[in-house]
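I have placed the structure first, in the form of structure tokens, so that the comments after it can refer back to it.
Residue numbering restarts at 1 for every chain, and letters A, B, ... go by the order of the sequence lines.
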Amino acid sequence: MKKMNVSEMSEKAANDLLMVRLGQLVVNERYKNGDFKVPIHLALGHEAIAVAVSQTMEPEDQLVLSHRNIHYNLARSGSVKEEIDEYLLKPEGAGGGWLGSMNLSRKSEGVAYTSSILGNNLPVASGMALANKTREKESVVIVVTGDGAMEEGAFYESLTFMKTFGLRVIVIVEDNGWSLASRIHERRCEIDLNQLAKAFGIRHDTMEGNDIARYIETLRDIREWTMDKNEPVIVHVLLTTLGHWTMKTEDYPEGKFINYHAGPAKTVNIGDGPVIENSEADPVFVLKSRLDETEFDKLVKNQLQNLSGELP
Amino acid sequence: MKKMNVSEMSEKAANDLLMVRLGQLVVNERYKNGDFKVPIHLALGHEAIAVAVSQTMEPEDQLVLSHRNIHYNLARSGSVKEEIDEYLLKPEGAGGGWLGSMNLSRKSEGVAYTSSILGNNLPVASGMALANKTREKESVVIVVTGDGAMEEGAFYESLTFMKTFGLRVIVIVEDNGWSLASRIHERRCEIDLNQLAKAFGIRHDTMEGNDIARYIETLRDIREWTMDKNEPVIVHVLLTTLGHWTMKTEDYPEGKFINYHAGPAKTVNIGDGPVIENSEADPVFVLKSRLDETEFDKLVKNQLQNLSGELP
Amino acid sequence: MNYVGFVNQELKKALKDKKGVIVFGQNVGTGSCVSGLSRGIEKETGCRVLNTQNSENTLVGAGFGMMRNGVSSIYIMKQLDFLLLGIDQLVNTYNYIRVFKPSASFTILAVVVDNGYQGMQSSLNNLADFCSIARIPGYAITNRRDAEKIIGAHLVSPGFRIIGLSQRLFGRELIDFEQVISCEADGGWLQYTDGADVTIACFNFSIPQGRGLIEALKDKGKEASLFSINSSSPVEWSPIIANACQTGAIVVIDDIKSVNSPSVDLVARARGEEKIRTITHITRDFSSLDWLRPNADELVLNNKNIIHQALK
Amino acid sequence: MNYVGFVNQELKKALKDKKGVIVFGQNVGTGSCVSGLSRGIEKETGCRVLNTQNSENTLVGAGFGMMRNGVSSIYIMKQLDFLLLGIDQLVNTYNYIRVFKPSASFTILAVVVDNGYQGMQSSLNNLADFCSIARIPGYAITNRRDAEKIIGAHLVSPGFRIIGLSQRLFGRELIDFEQVISCEADGGWLQYTDGADVTIACFNFSIPQGRGLIEALKDKGKEASLFSINSSSPVEWSPIIANACQTGAIVVIDDIKSVNSPSVDLVARARGEEKIRTITHITRDFSSLDWLRPNADELVLNNKNIIHQALK
């Protein structure tokens, strides 16, 4: 793989990706330290799509999130401190101490609504896009859901609604293959999103590989398309939530795979550096392998300096 | 088209089709006469699928219906009198006077549940089929929904459930193109059922043309398949609800098309005979065109004799 | 003029200058326009009327989504029981939106199917439960005076509320009162008559019963103070209690099918007053399952007994 | 032993001989098994445990469908607020099924997320509203005694009910009482202490507050009768009222977030008794929107003031 230098791949993208990763690692350290009363769903491994979405958004665009939202909130605001202050329920937090973790939104940063209830944000995003249409706003609503939430009827109903009214919505399906501790095949049949989209005549794209530069390019193309066509788009993003561990139990003497769902990621330590897994599943590993090592290290160092005040 | 004689095409099918039509026409006459307090949704034009379903059912099979259910209830019970008695809320009615029209079921006739709420019967049918599976019953659940009810999220959720648990369910989608007074294109985008089924890997069949003999053959094949594969099937039935009329208003001096939804079909009269429309949209017209005229007339006469006591 | 005609006229009056308001729901723009309720709105007010799919959950969410983006809307529902499918949005999305004190308006205008004979699944009149679960303002409209007050004050004002209409009253001659003696600023209750002998408080849609009781009292030479309690939640009862302290007798009439109702709160309050000698609380009979049968579904008062008990 | 451990043990005890019962829900058979609630059920009881998709509407309907076909089941819900999505089935399907007096059992066992900090959308503790809307039996479990009584009597008995568990209590040491002095046959209420000075009635999940009040009373040399009101609907209050007539003082504690609650009914009843000198009704504070913020979400009593008022 050809190495790029930072300016080739967009310094902002690289920096934001590292900020979202390192910001989460800082939150994780504070979490392990017992600093938070609110339950937090970290999104380690989800950084590439979040940063790409954020960088694709134009000023009037709006983002609608779910319970796992830290990556988008960090990408939008750039402020790890305000995120942590919100988790500490301080008035100076990103939500004024009113929203905590699972409902954290921030209209000023383009995060218009965040729901802790599976599927709940899709109808709301539909209504927001309809409002934009009637007010002739030049903007897109981007709503984030997952392979668990798409099991709710609201997903299907909202696709119908968005297509019917010709709404500019990008539906991001973050597919990490898990809902709580259940893998997809442990809870349901496969639902082929591409085929499902075809049933409505909705455009469907798949993104995987965590290449931030390519993600931004693809999403910008999709945004242009939805603006042009007045049509919704489904973007199926295959990703891995990092932070799993193995637990030895009576039944599993060799150790049982425990996926990360919420709470502190106990096996992840900021001292080990920003890369969690040496594979394509880790967007930071992908970034590192694209960049010259010195450059990568310099970016990391800068970010860590900014964040040092937030560590426990 | 080659004419058949009655025994070639199944006398029972022909007789049942006429009974369901003429039974409804009798109900319609009583309705026009102001005899009922319960609101009734007639299903003129829906007879072929109802009779075919009924004739496909084995003793342990179960039918789950919706607010428009008269055709299935008549096809199952064969008793127009008990249907009318229920509409009159008499204790000797098909539901003991407890169910009226929109919830009319009858476990003894294999009609296990009937819901007046759009989409509501699909989850219940799913649970019934799951119960059958755990009890290792050799039976199928047939659930009837429509192009309006399939807009509810319960439709999508239930398809997932049925496929996941490998349930023997035949989902009949009666597609008359209307929900109340709204045509499909007046209320939503097209939803391609065939594509939707593919998203779940569910078998999908389309039926149209109102040929009762062919409908029975197709449904028997589908029933065998679901029994064999332990899989749900979606059957998309294209049909027309007969009984529309034209209304002249200020805005429509030429007359506006008013589709039949519920209440008496005021332009339909039993005195005009069992055929309502001379087209493939009318299952009785299709039947008539298949049979020798004398035979057809004889069947009609017999049926009318049976029903004469129920006329107003 | 009948009830629905008057409500339709009041809606159009309230929407006259409200350009940009979206009126949406199933069949709002087709056929009979929800039995005449939404007839002429698009033509005569300049509001946009959007006919929608059958997806209550998504439609309620969409209303909140529009609200979040500053667009006011009215969701007209043909049956209150359909709103059961949208309660997640009612509760969870409203609990979020309200924190931000929205400047836009969202009103659900639901027809309470209380005209009987629909069967157990389409005869829910429990406006109070929908309101209780998320502490939502809710109002029942029963006559000319409360229609004017409630539609005028609430149809399009910042915030969210549910307004219930009675299907039973739809085709009936509009109930009117000569005067409004006093009322709560929000339309939580209205007083229509002032009599020295009994205080009557009618909850939910029981004002016809209250009027009947007044007539029966007149026959005995007695005069009553009549209140309609339009709010679906307890309100400031003091003026009603003060009135009852003067008459010494209060009759509380409540036709709701809920277990818990605000009328219990008024009774609790009245029990604390020594000057109120008799408290008669009339509710429906749930001692058997008969309330689930298709029937006239109307609370029938034994006025003779009530008067006897109230005046003893 | 902690609360969830004990409830888990009681579930397994009640399900021991109940072959053929299906236990289903999200994550009931994976990971922590809903924080330990369903742990070991499949292994130790022979019930079938089915892990399901995230589709509450369909899952509630499926429970009723199984019931209709004679199969008993328990739907374990991780959060009561998810049940908002299933209320259509709760109301409409139950209203149908109950008419046929089912021999099978269907129980929804829902965790009431009352441990605070989840945010406004996942902190619904309104068990009473779910029950009120379709007159459904509902029970809150707060301690060893009521857990034994309610699980024993209701978990698998013909009919339908909702049983609520408190998330806040999950990890806490199980609350126990030396004895049950009296109780309603159905477990609608239980009495644990008998004291001459005050009667305390704790609604919903407020028994810890009631215990705290007893301690505070003891410090003042006063003895109280303590009742837990486990039913989510009003029950026969006479024994509680009789007790309050003896003590002359009743303190009603209710931590529910509903507008309407059965506790109002007990207060109304108490107000009618001259022998009850003081009635103290403690509810949550809704005067601002603070109840929507992430917080400890626990009703905090000012025991000093309460005692002062109760004993004056």
Side-chain angles (χ1 to χ4, degrees), chain A residues 36-40 66-67 69 86-89 91 93 95-105 113-121 145-157 178-189 191 247 251 256-263, chain D residues 24-40 42-43 49-61 76-86 88-89 111 113 115-124 167-168 288-298:
Chain A
F36 304 126
K37 289 181 173 171
V38 299
I40 300 161
S66 71
H67 60 291
N69 57 61
E86 182 62 26
Y87 298 159
L88 296 168
L89 302 172
W98 274 87
L99 301 173
S101 158
M102 293 203 285
N103 293 104
L104 186 53
S105 69
Y113 178 61
T114 299
S115 176
S116 60
I117 309 293
L118 291 188
N120 168 286
N121 63 359
T145 187
D147 60 289
M150 64 172 264
E151 292 160 17
E152 299 286 356
F155 179 69
Y156 167 83
E157 292 182 359
W178 292 86
S179 178
L180 284 169
S182 304
R183 284 181 215 259
I184 288 174
H185 74 265
E186 286 175 310
R187 59 182 206 268
R188 65 158 160 95
C189 63
I191 302 173
M247 188 173 66
D251 294 345
K256 186 186 171 189
F257 177 90
I258 307 290
N259 70 306
Y260 173 82
H261 171 67
Chain D
F24 69 102
Q26 291 104 322
N27 284 280
V28 289
T30 55
S32 68
C33 298
V34 195
S35 309
L37 189 56
S38 55
R39 190 172 289 146
E42 186 149 50
K43 251 188 168 170
V49 173
L50 299 178
N51 218 37
T52 64
Q53 69 201 64
N54 300 296
S55 306
E56 293 75 9
N57 185 20
T58 290
L59 297 175
V60 176
I76 297 185
M77 302 197 85
K78 197 183 132 60
Q79 298 194 197
L80 177 69
D81 46 284
F82 293 170
L83 189 53
L84 295 168
L85 288 161
D88 171 63
Q89 294 288 341
V111 181
V113 180
N115 55 340
Y117 301 109
Q118 250 80 347
M120 70 271 282
Q121 292 189 326
S122 300
S123 63
L124 181 100
Q167 176 90 55
R168 180 188 295 133
S288 76
L289 290 179
D290 273 355
W291 61 284
L292 294 170
R293 298 177 72 149
N295 58 44
D297 205 24
E298 196 155 13

Roughly how far, to the nearest 0.5 Å, is [atom2] of [Y] from [atom1] of [X]?
{"X": "Asn51(D)", "Y": "His185(A)", "atom1": "CG", "atom2": "NE2", "answer": "10.0 Å"}
{"X": "Glu151(A)", "Y": "Thr58(D)", "atom1": "CD", "atom2": "OG1", "answer": "11.0 Å"}
{"X": "Arg293(D)", "Y": "Asn103(A)", "atom1": "CZ", "atom2": "CG", "answer": "13.5 Å"}

Where does [X] contact chain D at under 4.5 Å (heavy atoms): side chain, backbone, both or neither?
{"X": "Ser101(A)", "value": "neither"}
{"X": "Asn120(A)", "value": "side chain"}
{"X": "Arg187(A)", "value": "both"}

So, the side chain of Gln53(D) versus the backbone of Arg188(A): is there a donor-acceptor pair under 3.5 Å, distance only?
no
If every non-hydrogen atom of Ser122(D) is compared with every non-hydrogen atom of Met102(A), which pair is closest and at what distance?
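Closest pair (atom of Ser122(D), atom of Met102(A), distance): OG-CE, 4.1 Å.
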Anything in residues 26-36 of chain D with a heavy-atom distance to chain A below 4.5 Å? Please list those residues in order.
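Answer by number: Asn27(D), Thr30(D), Gly31(D).
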Can you tell which of Cys189(A), Gly153(A), Ser179(A), Gly100(A) has the highest number of heavy-atom pairs within less than 4.5 Å of chain D?
Ser179(A)
If we define contacts as heavy-atom pairs under 4.5 Å, which of Gly97(A), Ala154(A), Gly95(A) has the most with chain D?
Gly97(A)
When you compare the side chain of [Y] with that of [X], does any pair of heavy atoms fall below 4.5 Å?
{"X": "Asn295(D)", "Y": "Lys37(A)", "answer": "no"}
{"X": "Pro294(D)", "Y": "Leu99(A)", "answer": "no"}
{"X": "Ser116(A)", "Y": "Gln118(D)", "answer": "no"}

Can you tell me which portion of [X] sits under 4.5 Å from chain A's heavy atoms? Options are side chain, backbone, both or neither.
{"X": "Asp290(D)", "value": "both"}
{"X": "Ser55(D)", "value": "both"}
{"X": "Asn54(D)", "value": "both"}
{"X": "Leu85(D)", "value": "side chain"}

Report the option among Leu84(D), Leu289(D), Asn115(D) that has the most heavy-atom pairs separated by less than 4.5 Å from atoms of chain A.
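Ranked by contacts with chain A, first place is Leu289(D).
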